[in-house]
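What follows is one structure encoded as structure tokens, with my remarks underneath.
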Amino acid sequence: MAAPDVRVATWNVNSIRARADRVVDWLQRADVDVLAMQETKCSDAQFPAMTFLGAGYEVMHCGHNQWNGVAIASRVGFEDVQTGFEGQPSWSGGKDGHTVEARALAATCGGVRVWSLYVPNGRAVDDPHYRYKLEWLAALRDDAQSWLRRDPESQIALAGDWNIAPLDEDVWNMDLFRGSTHVTEPERAAFRAIETSFTDVVRPFAPGPGTYTYWDYTQLRFPRREGMRIDFILASPALARRVVHAEIVRDERKGGKDRIGPPSDHAPVLVDIGGGDEAGRRVEPTAGADADNAT
DNA sequence: ATGGTTGCACAGCAA
């Protein structure tokens with residue numbers, strides 16, 4: 001029996017309370033089944049769950065305060081919800097001491113094990129946060145590889161804001177970024193270490209250069225098309241074989257009078273998982289020409 | 001004009 005088709009997306013929403021209407025509006029327009037969110041920037045009690053429920057999505061959230069916060073919305077069910085991963089490093093730079101931050105949440109939805117991941121930013125190469133970032137990625141690699149050893153056929157999506165631009169072409173001006181976080185060799189090596197067992201299933205459908213998922217709010221970066229590719233969906237081998245389509249939905253980075261408030265500084269990224277037989281999900285043509293840079 | 005933008009705790013950080 002073929003597995004069900006499922007459309008899985010990831011989106012750094014930059015505050016879910018400021019963006020819930022916009023996010024749910026997109027979920028419905030884009031026909032998304034499962035959405036991994038990052039930077040919800042709220043506690044569990046503050047999460048606007050009713051907005052999602054009203055549209056037919058259940059939500060699981062992990063948030064402690066105004067920082068970080070990860071969530072998963074699903075209209076294809078929830079199983080085996082897990083907060084954090086085994087060995088997830090804690091952060092001791094905050095004023096409340098040693099805490100395991102709200103940066104990882106997993107659930108099995110529609111047969112796919114979806115991880116919503118918010119990799120630490122790193123801030124600066126000489127900042128303790130940078131070391132924390134590398135330790136965090138190494139611990140994730142260890143745990144993720146153990147899941148595959150346990151079941152090589154497991155259907156796992158590592159989705160989120162990785163805060164790494166793996167290739168030079170993933171930033172708009174490498175000369176400007178060289179030596180800064182997101183592009184250093186240790187960060188890229190940490191990403192590649194995870195890519196030895198999980199595959200970026202979006203890049204083949206949305207190749208660069210000039211294809212980004214994040215644009216800084218300042219300096220007119222978005223209309224100037226000066227961004228970074230730092231949001232990724234990495235799939236386990238068995239899941240990667242089922243991917244029939246993927247895209248970065250740049251349109252959702254736009255503002256405009258028809259939208260509800262300012263956009264996130266990230267665009268959503270989605271993949272279509274086919275049923276595992278020859279008849280995959282019918283793929284809608286990508287929305288028309290993207291000459292419009294409207295903010 | 002040495003900035004430029006968001007969001008949160010509405011003040012100064014974090015991104």
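All values reported here derive from a predicted model rather than from experimental measurement. When reading the values below, keep in mind they use all heavy atoms of this one structure, side chains included, and skip hydrogens, waters and symmetry mates.
Residue contacts for A:Q38: at a heavy-atom cut-off of 4.0 Å it reaches no nucleic acid atom on any strand shown.
Note on residues 230-243 of chain A: pairs passing salt bridge (charged side-chain N to carboxylate O under 4.0 Å, His left out), not counting sequence neighbours, are A:E153-A:R241. Sorted by first and then second residue, the salt bridge (charged side-chain N to carboxylate O under 4.0 Å, His left out) pairs involving residues 101-130 of chain A (not counting sequence neighbours) are A:E101-A:R103. Listed by first then second residue, pairs satisfying side chain to side chain donor-acceptor pair (under 3.5 Å) with a partner in residues 199-208 of chain A read A:D170-A:R203, not counting sequence neighbours.
On the P atoms, B:dC8 is 25 Å away from B:dG3, given to the nearest whole Å. B:dT2 and B:dG7 have their P atoms separated by 24 Å, given to the nearest Å. Across the C1' atoms, B:dT6 and B:dA11 are found 15 Å apart, a figure rounded to whole Å. The separation of B:dA1 from B:dG12, taken at their P atoms, amounts to 28 Å, rounded to a whole angstrom.
Scored by the side-chain contact (heavy atoms from CB on, under 4.5 Å) test, A:T184 finds A:V125, A:Y130, A:P186, A:E187 as partners (sequence neighbours excluded). In this structure, A:R131 has no salt bridge (charged side-chain N to carboxylate O under 4.0 Å, His left out) partners at least two apart in sequence or on a different chain.
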Polar atoms only, N or O, under 3.5 Å: list the protein pairs with nucleotides 4-7 of chain B and their distances.
from: B:dG4; atom 1: N7; to: A:Q219; atom 2: OE1; distance (Å): 2.5
from: B:dG4; atom 1: O6; to: A:Q219; atom 2: OE1; distance (Å): 3.2
from: B:dG7; atom 1: OP1; to: A:R19; atom 2: NH1; distance (Å): 3.3
from: B:dG7; atom 1: O3'; to: A:S15; atom 2: OG; distance (Å): 3.1

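Here B:dA15 presents its P atom at 19 Å from CZ of A:R221, a figure rounded to the nearest Å.
For A:W67 and A:W91, the gap between ring centers reaches or exceeds 6.0 Å.
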Could you give the side-chain donor-acceptor pairs of residues 76-86 of chain A under 3.5 Å, partners two or more places apart or in another chain?
from: A:Q82; atom 1: NE2; to: A:G84; atom 2: O; distance (Å): 3.0

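Through ILVMFWY side-chain contacts below 4.5 Å, A:L167 is grouped with nothing and stands alone.
For the segment residues 117-130 of chain A, residues with any heavy atom less than 4.0 angstrom from an atom of DNA chain B are, sorted by number, A:Y118, A:N121, A:R123.
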